[in-house]
Chemist: 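Supplied in structure tokens, the structure appears directly below.
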Amino acid sequence: MSAFRFEILHTSKKSSARAGRIHTPHGTIDTPNFVAVGTLGTLKAIENTLADEMGLELMFCNTYHLMLHPGAHVVEKAGGLHTFTSRKGPIITDSGGFQVFSLAYGSVADELKSKGQKKGKNSVLKITEEGVIFRSYRDGKRIDLTPESSIQAQKSLGADIIIPLDELPPYHIGEKELRDSFERTHRWEKRSLDEHLKNPNNQAIYSVIHGGTSISMRLESAQRLGAMDFDGHAIGGSFGKTKEQMFTFLEALVPKLPPEKPMHLLGIGDLASVAAGTRLGIDTFDSSYPTRAARHGVLFTDEGNLKISNTRFSTNFGPIENGCTCPTCKHYSLGYIHHLFKSKELSGQRLMSIHNLSYMIRFMKKMREQILNDEI
């Protein structure tokens with residue numbers, strides 16, 4: 001019997017929001033919940049032992065980057081991601097496809113200043129029915145990524161929840177090209193599921209609902225993948241240019257997915273989207289939003305975001321937010337954090353990241369309580 005199980009505790013009478021629990025071999029995830037992104041096996045500026053202590057229930061790691069360094073085989077030799085990274089709680093990994101295709105289309109290319117890219121080498125060399133051939137951004141080495149090899153890598157990493165290989169087409173794509181990508185992705189997802197079922201290894205696998213900005217393809221994807229033996233369903237790809245367009249898609253999609261299985265929104269985790277997505281029935285959201293905002297000097301509070309660079313904080317010797325019990329607010333003042341940030345001290349970014357992550361954890365706990373009380 002699988003150690004993975006999802007139970008719904010309550011569905012709100014005011015919306016489609018639901019409170020539940022996802023049970024995994026490494027602990028329980030209360031839903032709805034925020035999933036912090038630890039690309040290389042750690043959050044930016046926050047060590048895993050502290051994230052565990054703060055109550056982070058699910059962390060998202062990137063197979064693409066971990067395959068390139070230190071290598072899935074190295075992580076496996078160490079005993080898997082949990083042992084290697086000293087992470088106690090559950091971990092979800094992606095297939096590597098998002099990073100490969102986003103590099104190809106430029107969305108993260110500027111963040112990865114590699115030797116190969118400086119010489120003008122294209123990250124993705126070829127997309128075939130078999131998979132995708134690309135160059136490592138670290139050393140230019142050719143790598144073949146297939147549905148089967150992606151699943152095998154995630155087996156080696158030992159994540160609690162894994163994701164099938166999918167193709168992420170660019171936002172501006174013709175209808176025929178989108179349909180070709182759509183069909184190939186669904187064939188890849190079926191192959192990924194088949195590879196997983198050969199050795200479940202006490203892991204769960206989520207599908208990825210695709211279709212770009214075509215609502216008809218999105219609904220078709222939900223129908224096709226919803227009928228397969230996936231443990232949960234993630235919704236990914238492009239939804240258009242505005243949050244409103246995304247919410248329109250989710251409103252149509254969520255009711256078409258099996259309600260007894262958890263639903264995850266890939267790469268979306270800002271406060272407004274989490275609040276709206278929760279009301280539509282999404283259970284988990286992943287994003288690097290809290291730590292990225294901290295690095296840019298933005299702090300979360302119930303009264304709105306604070307920009308720490310503002311000179312008015314230089315003589316504010318109270319906490320970031322009254323009543324906050326995070327390690328940062330317990331020990332440090334806004335004035336001190338303002339000083340650290342303006343001085344470009346790394347400890348300032350760390351203290352801000354700790355507060356923002358703590359805020360997201362509290363924000364989701366409050367939403368769960370509101371669902372149980374039929375308030376949202």
Side-chain angles (χ1 to χ4, degrees), residues 4-24 27-37 55-60 89-90 92 161 204 206-209 215 218-219 221-223 225-226 230-237 239-240 242-287 289-290 300-305 356-376:
F4 181 91
R5 181 169 59 88
F6 178 55
E7 60 174 329
I8 299 171
L9 301 177
H10 181 72
T11 299
S12 174
K13 293 180 174 64
K14 292 188 69 174
S15 69
S16 297
R18 56 195 196 167
R21 291 195 186 108
I22 300 173
H23 300 273
T24 80
T28 299
I29 305 150
D30 294 307
T31 63
N33 216 321
F34 174 78
V35 185
V37 173
L56 180 68
E57 293 185 349
L58 184 58
M59 183 171 80
F60 200 109
I92 179 173
I161 303 168
Y206 284 13
S207 77
V208 182
I209 307 300
I215 188 65
R218 287 280 182 176
L219 294 173
S221 181
Q223 181 182 33
L225 296 172
F230 287 101
D231 299 291
H233 299 282
I235 303 172
F239 296 97
T242 66
K243 284 186 174 67
E244 288 68 29
Q245 286 176 295
M246 178 179 70
F247 300 149
T248 298
F249 272 89
L250 294 178
E251 192 171 11
L253 272 176
V254 171
K256 301 299 182 184
L257 290 167
E260 71 278 7
K261 295 184 178 181
M263 301 179 208
H264 180 84
L265 188 58
L266 285 163
I268 305 292
D270 62 278
L271 290 164
S273 296
V274 168
T278 293
R279 288 174 171 83
L280 294 172
I282 299 296
D283 301 299
T284 48
F285 308 77
D286 77 88
S287 176
Y289 175 58
F300 304 158
T301 77
D302 284 342
E303 302 303 316
N305 293 344
N356 281 357
L357 178 61
S358 176
Y359 182 88
M360 289 299 299
I361 292 170
R362 287 190 290 112
F363 181 80
M364 299 311 302
K365 182 179 180 181
K366 183 177 179 181
M367 289 206 75
R368 291 193 294 272
E369 292 171 351
Q370 289 174 325
I371 292 169
L372 291 171
N373 293 327
D374 295 313
E375 294 172 358
I376 61 171

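One is the number of the first residue; the rest follow in order along the sequence.
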Chemist: Taking ring pair (Phe, Tyr, Trp, His ring centres under 6.0 Å) as the test, write out the residues that go with F239, two or more places apart.
Modeler: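 Applying ring pair (Phe, Tyr, Trp, His ring centres under 6.0 Å) to F239 gives none.
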Chemist: Ignoring hydrogens and angles, tell me if any N or O in the side chain of R18 forms a donor-acceptor pair with the backbone of I282 under 3.5 Å.
Modeler: no
Chemist: Is any side-chain heavy atom of P258 closer than 4.5 Å to one of F230?
Modeler: no
Chemist: First locate atom NE2 of H23, then atom CZ of R5, and finally report the distance between them rounded to the nearest 0.5 Å.
Modeler: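 Atom-to-atom, H23:NE2 and R5:CZ are 4.0 Å apart.
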Chemist: Does CD in E260 sit with more than 12 non-hydrogen atoms of other residues, nucleotides or ligands closer than 6.0 Å?
Modeler: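 Atom CD in E260 is packed in, count exceeds 12.
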Chemist: Ring centres under 6.0 Å, that's the criterion: do F300 and Y289 meet it?
Modeler: yes
Chemist: Is the closest side-chain heavy-atom distance between I215 and F249 below 4.5 Å?
Modeler: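 Contact flag for I215/F249 side chains = yes.
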Chemist: Apply the test side-chain contact (heavy atoms from CB on, under 4.5 Å) to residues S273 and F247: give CA-CA distance (whole Å), side-chain angles for both, the deciding distance (0.1 Å), then the verdict.
Modeler: CA-CA 8 Å; S273 296; F247 300 149; 4.2 Å; yes
Chemist: More than 12 non-hydrogen atoms from neighbouring residues, nucleotides or ligands closer than 6.0 Å to NZ on K261, yes or no?
Modeler: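 Above 12, so yes.
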Chemist: Please round to the nearest 0.5 Å and tell me the distance separating atom CG of L250 and atom CZ of R218.
Modeler: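 Rounded to the nearest 0.5 Å, the CG-CZ separation comes to 8.5 Å.
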Chemist: What are the two closest non-hydrogen atoms of V274 and F285, and how far apart are they?
Modeler: O-CZ, 3.6 Å
Chemist: State whether the number of non-hydrogen atoms from other residues, nucleotides or ligands found under 6.0 Å of Q223 atom CD is greater than 12.
Modeler: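 Not more than 12 within 6.0 Å, no.
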Chemist: Rounded at 0.5 Å granularity, tell me how far OG in S15 sits from CG in D374.
Modeler: 9.0 Å
Chemist: Are any non-hydrogen side-chain atoms of T278 and P32 less than 4.5 angstrom apart?
Modeler: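 They are in contact (side-chain heavy atoms under 4.5 Å apart), so the answer is yes.
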Chemist: Within the 4.5 Å heavy-atom criterion, are R21 and L9 side-chain neighbours or not?
Modeler: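 Side-chain contact under 4.5 Å: yes.
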Chemist: Quick check: closest heavy atoms across M246 and L265, and the distance to 0.1 Å?
Modeler: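 Reported closest heavy-atom pair: SD-CD2, 4.3 Å.
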Chemist: Should V35 and I92 count as side-chain neighbours, where that means a heavy-atom distance under 4.5 Å?
Modeler: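 V35 reaches I92 side chain to side chain.
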Chemist: Does any part of the side chain of T242, heavy atoms only, come nearer than 4.5 Å to the side chain of Q245, both counted from C-beta?
Modeler: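 Yes, at least one pair of side-chain atoms sits under 4.5 Å.
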Chemist: If you take all heavy atoms of L225 and I209, which pair is closest and at what distance?
Modeler: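 Looking at all heavy atoms of both residues, the shortest contact is CD1-CD1, 3.8 Å.
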Chemist: Under a 3.5 Å distance rule, please check whether E57 uses its side chain to pair with a backbone N or O of N33 as donor and acceptor.
Modeler: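 No; zero donor-acceptor contacts below 3.5 Å.
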Chemist: Atom CE in M367, atom CG in D30: separation rounded to 0.5 Å?
Modeler: 14.5 Å
Chemist: Quick one: does any side-chain atom of D283 pair with a main-chain N or O of T31 as donor and acceptor, under 3.5 Å?
Modeler: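 Such a contact is absent between D283 side chain and T31 backbone.
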Chemist: Please report the interatomic distance CZ(R368) to CD1(I371), rounded to the nearest 0.5 Å.
Modeler: 8.5 Å
Chemist: Scan side-chain atoms only and decide if Y359 and D302 contain a donor-acceptor pair under the 3.5 Å cut-off.
Modeler: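 Distance-only check passes for Y359 and D302.
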Chemist: Can you measure from OG1 (T28) to CD1 (I22) and round to the nearest 0.5 angstrom?
Modeler: 10.0 Å
Chemist: How close do K14 and S12 get, counting heavy atoms only, and between which atoms?
Modeler: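 Looks like N-OG, 3.0 Å.
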Chemist: With side chains defined as the heavy atoms from C-beta onward, is the minimum distance between M360 and L271 less than 4.5 Å?
Modeler: yes
Chemist: Consider only side-chain N and O atoms of H264 and D286, and report whether a donor and an acceptor are under 3.5 Å apart.
Modeler: yes
Chemist: Examine distances only and state if a side-chain atom of N356 and a backbone atom of P290 form a donor-acceptor pair shorter than 3.5 Å.
Modeler: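 Yes.
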Chemist: Looking only at heavy atoms, which two atoms of L257 and A222 are closest? And how far apart?
Modeler: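 Of all heavy-atom pairs spanning L257 and A222, the closest is CD2-CB, 3.8 Å.
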Chemist: Could you pull out the closest heavy-atom pair between Y206 and A234, with the gap in Å?
Modeler: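 Scanning both residues, the minimum pair turns out to be CB-N, 4.3 Å.
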Chemist: Do F6 and I8 touch side chain to side chain, with heavy atoms closer than 4.5 Å?
Modeler: yes
Chemist: Quick one, D270 with K243, criterion side-chain contact (heavy atoms from CB on, under 4.5 Å). Give me CA distance, side-chain angles, the key distance, then yes/no.
Modeler: CA-CA 11 Å; D270 62 278; K243 284 186 174 67; 3.0 Å; yes
